[in-house]
Protein chains: 2
Amino acid sequence: MDLQLFTIGQLSKQTGCKVPTIRYYEGIELLPNPPRTEGGQRRYNAHHLQTLRFICHGRELGFPIKAIRELLELDQFQQDSRASTEDGCHRADQIALEHLHRIERKIDQLSGLRDELKMMINACKSGDNHSCQVMSVLADHQLCQHSHGAADDNE
Amino acid sequence: MDLQLFTIGQLSKQTGCKVPTIRYYEGIELLPNPPRTEGGQRRYNAHHLQTLRFICHGRELGFPIKAIRELLELDQFQQDSRASTEDGCHRADQIALEHLHRIERKIDQLSGLRDELKMMINACKSGDNHSCQVMSVLADHQLCQHSHGAADDNE
DNA sequence: ACTTGAACCTCTAGCTACTATAGGTTTTAT
DNA sequence: ATAAAACCTATAGTAGCTAGAGGTTCAAGT
């Protein structure tokens, strides 16, 4: 029936997604352009709401926008042609799996960092001399070895 | 004696920090400006090398640049005045501790995501019908509750 | 002395995923 | 009719780099 229209603010409240972020998603063509009032304000329908929910939840789960875009296209594809639902499912599964691996790698990395930091801090606490272990560990990197990349790769 | 001079490329090799990154650190005034040759090329000394090592290791550990900057200033302060080494140590310790907390929070977050993803993927695998659980979980968010913020806050 | 090629230089733009600000317009409620 | 809340666009900023263009300098070999 789809007669219910929402303002951008209402959409924001329903999804928890901030207003500028919704506009941003429109700008990058992740969320379809909604119709406008005569005055130029956006009016969304139930389908927009659903799509935005999908996007937001994906982002909360840490999926990169690129992956979400692909998942949305897959969804579109499946709705367009009734075919290859299994392929679509397979691909969606694959995207989720890739993401799972990214996250598991990141957890390992961070666990290593956590341990190294703990060592630094403990060394500092128990230091009988007053020289700071935090500083010297950072300077010399002698307390332990670690073999992770930089921790700042944004997912 | 400090007579040994390095080119930016040599510094890069010694630290593992990429050449443009070294220049970037100079640009944001994290690494002091080195002297130049007549032709304008940078020539670094042992002190620069040490400082860059400190920075790089801090970044590898995921410390934000702001924190590294503060640690460097603390270090400078301690070298300038022989005083308050203990205060400096305390502050360094505090910075490291804050960072440790950030990391532990992030690990918790990611563990939640990992579990949710695993559920999605398992649901997809065992699905007797051909509808994809990955998609529907993202759309409806029904399989489980999670209470973490967005996972994309870059550290 | 000269040439060659690697390494250097600056500057600008791009990346991800937003967020903030300025300055103006529309809608809605009274 | 008016006033406040919500909307609009456009631009710039955030973090921490990375990539590219287009030109210069350095060191080694001939």
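Here the structure is a predicted model, which means the values were calculated and not measured. We name chains A, B, ... by the order of the sequence lines, and we start the count at 1 in each one.
- Atom CD1 in A:I68 sits about 13 Å away from atom P in C:dT16, given to the nearest Å.
- Among the nucleotides D:dT9, C:dC18, C:dT28, the one closest to the side chain of A:R36 is D:dT9.
- Contact check, A:R59 against C:dC18: a side-chain N or O comes under 4.0 Å of OP1 or OP2.
- Considering all non-hydrogen atoms of both residues, A:L72 and A:F54 come closest at CD2-CD2, 3.8 Å.
- One can place CG of B:L31 at 15 Å from C1' of D:dC17, the figure rounded to the nearest angstrom.
- What separates OH of B:Y25 from P of D:dA15 is a distance of 14 Å, to the nearest Å.
- Remark: C1' of D:dA12 and OH of A:Y24 are 15 Å apart, rounded to the nearest angstrom.
- Atom-to-atom, CG of B:L5 to C1' of D:dA27 comes out at 16 Å; the value is rounded to the nearest Å.
- Between the side chain of B:D115 and the main chain of B:K118, no donor-acceptor pair closer than 3.5 Å is present.
- Along DNA chain D, the nucleotide nearest B:T7 and the nucleotide nearest B:T21 are compared for position; the residue whose nucleotide lies closer to the 5' end is B:T21.
- The side chain of B:I8 approaches C:dC8 more closely than any other nucleotide in the set C:dT10, C:dC8, D:dC17.
- In this structure, the nucleotide among C:dT27, D:dC17, C:dA17 sitting nearest to the side chain of A:I65 is C:dA17.
- When atom types are taken as modelled, the side chain of B:D93 and the backbone of B:A96 share no donor-acceptor pair closer than 3.5 angstrom.
- Closest to the side chain of B:K18, out of D:dC8, C:dT19, D:dT18, is D:dT18.
- OP1 or OP2 of C:dC9 has at least one side-chain nitrogen or oxygen of B:R42 nearer than 4.0 Å.
- Salt-bridge annotation for A:K66 and A:E98: absent, with no side-chain N of the basic residue lying under 4.0 Å from a carboxylate O of the acidic one.
- The CD-C1' distance, from B:E26 to C:dC11, rounds to 15 Å in whole Å.
- Across A:T7, A:L31, A:T51, a single residue satisfies side-chain contact (heavy atoms from CB on, under 4.5 Å) together with A:Y44, and that is A:L31.
- When the P atom of C:dT10 is taken as reference, atom CD of B:Q41 falls 10 Å away, rounded to whole Å.
- For A:P20, the listed nucleotide lying nearest its side chain is C:dT19; candidates were C:dC8, C:dT19, D:dG16.
- When distances run from any side-chain atom of A:R23 to the nucleotides C:dC9, D:dC7, C:dT27, the shortest one goes to D:dC7.
- Of the listed nucleotides (D:dC8, C:dA17, C:dC9), C:dA17 has the atom at the smallest distance from the side chain of A:P64.
- Between B:L11 atom CG and C:dC8 atom P the separation is 10 Å, expressed in whole Å.
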